[in-house]
Amino acid sequence: MNAYRSSIVRIPVPGSASPLEVGGGSFVLIAGPCSVDRPETFYECAESLKAQGAHALRGAIFKMRTKPDSFQGLGREGLELLAEARRRTGLPVVTEVVDPRHLEELDPVVDVYQVGARNMYNYELLKELGLSKKPVLLKRGFTAYLDEWAHAAEYLLRAGNSNVILCERGIRGFDPHTRNVLDLASVPVIRARTGLPVIVDPSHGTGRKDLVDPMSIAALAAGADGLLIEVHPRPEEALSDADQALTPGEFAALRRKIGRVRTALHAEEDLA
Ligand code: PEP
Ligand code: MN
């Protein structure tokens with residue numbers, strides 16, 4: 001299925017001796033709300049995702065919002081919520097880091113640092129994250145050439161962090177029918193170029209929950225190593241990105257479909 005091999009990034013799983021491997025032939029599902037909001041809503045989301053087979057939990061407490069009056073995230077107050085969801089579910093936590101000064105506080109509760117599209121060009125942040133050994137999920141900037149994305153990854157690698165996962169999240173196009181244009185052709189190309197595992201974010205890639213399912217299957221077929229998907233128990237209550245969030249039930253249906261498609265793709269490989 002994967003035309004090109006990548007390195008394997010191992011994400012430690014709380015309380016388990018076996019890490020979660022990204023890039024070793026498995027298909028990793030990272031899911032959760034865009035932003036962490038109310039404690040019980042977040043725990044409900046985390047627990048249902050755990051029950052439905054997600055491998056890691058996403059949720060931002062520091063947001064990079066285009067408009068200053070939009071919800072900016074819970075900030076430090078959200079740290080305890082991330083820690084509690086991690087304790088309850090045993091899922092590794094993926095959260096966005098927007099400022100190197102937050103790293104010390106985030107360190108005890110975060111398993112993967114997400115660098116958002118708006119920060120792909122923030123080289124000082126990348127250099128700091130490069131000094132950590134913790135896995136980094138590096139999103140593609142929405143105006144970034146593949147070359148620029150690869151160079152951004154190089155900042156992390158050169159500073160000494162080889163645990164880099166790339167995430168295609170769509171680039172800016174001209175037609176507002178989707179929030180971004182999900183560039184799936186980048187998946188095999190950037191993997192071949194960098195040798196790093198690549199996952200796809202169909203939520204920001206389209207901005208539309210009805211397109212998350214088909215684009216997830218397309219990402220799988222394009223050889224992605226996994227997905228980053230926004231899920232909220234009651235999307236209409238989400239404080240950011242409500243239009244693109246799946247419910248946990250919809251996530252579960254998608255996961256089953258992914259299983260069936262993976263079986264078909266592997267059967268095809270076995271015949272080849
Ligand atoms: C997010 O993952 O919620 C996010 C803000 O994504 P991006 O940086 O790709 O816009
Ligand atoms: Mn979001």
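Whatever order the structure lists ligands and atoms in, that order sets their numbers, starting from 1.
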Legend entry - For Asp111 against Pro135, the heavy-atom pair lying closest together: O-CD, 3.4 Å
Inset, instruction - Apply the test side chain to side chain donor-acceptor pair (under 3.5 Å) to residues Glu237 and His232: give CA-CA distance (whole Å), side-chain angles for both, the deciding distance (0.1 Å), then the verdict. - result: CA-CA 8 Å; Glu237 290 177 15; His232 194 285; 5.8 Å; no
Inset, instruction - Over all heavy atoms of both residues, which pair between Leu228 and Gln114 is shortest? Give the atoms and the distance, please. - result: CD2-OE1, 4.1 Å
Inset, instruction - Would you check, one step at a time, whether the test side chain to side chain donor-acceptor pair (under 3.5 Å) holds for Arg255 with Gln52? - result: CA-CA 8 Å; Arg255 195 187 70 90; Gln52 277 140 19; over 6 Å; no
Inset, instruction - Mark yes when over 12 heavy atoms from residues, nucleotides or ligands other than Tyr145 sit less than 6.0 Å from its OH; otherwise mark no. - result: no
Run through all N or O atoms in ligand 1 and write down each protein N or O closer than 3.5 Å, as a pair with its distance.
unit_1	atom_1	unit_2	atom_2	d
ligand 1	2 (O)	Arg58	NH1	2.8
ligand 1	2 (O)	Arg58	NH2	3.4
ligand 1	2 (O)	Gln114	NE2	2.9
ligand 1	2 (O)	Lys139	NZ	2.9
ligand 1	3 (O)	Arg58	NH2	2.9
ligand 1	3 (O)	Lys63	NZ	3.2
ligand 1	3 (O)	His204	NE2	3.1
ligand 1	3 (O)	Glu230	OE2	3.2
ligand 1	6 (O)	Lys139	NZ	2.9
ligand 1	8 (O)	Ala117	N	2.7
ligand 1	9 (O)	Lys139	NZ	2.8
ligand 1	9 (O)	Arg169	NE	2.6
ligand 1	9 (O)	Arg169	NH2	3.4
ligand 1	10 (O)	Arg118	NH1	3.1
ligand 1	10 (O)	Arg169	NH2	2.8

Inset, instruction - Validate the cation-pi geometry between Arg88 and Tyr43: distance from NZ or CZ to the six-membered ring centre under 6.0 Å, angle to the ring axis within 45°. - result: yes
Legend entry - Side-chain touch Tyr155/Lys127, heavy atoms, less than 4.5 angstrom: yes
Inset, instruction - Apply side chain to side chain donor-acceptor pair (under 3.5 Å) to Tyr121 and Glu148, showing your working. - result: CA-CA 8 Å; Tyr121 294 105; Glu148 294 173 313; 2.9 Å; yes
Legend entry - Asp201 and Ile229, any side-chain heavy atoms less than 4.5 Å apart: no
Inset, instruction - Quick one: name the protein N/O/S atoms under 2.8 Å from the Mn ion (ligand 2), chain by chain. - result: Cys34 SG, His204 NE2, Glu230 OE2, Asp241 OD2
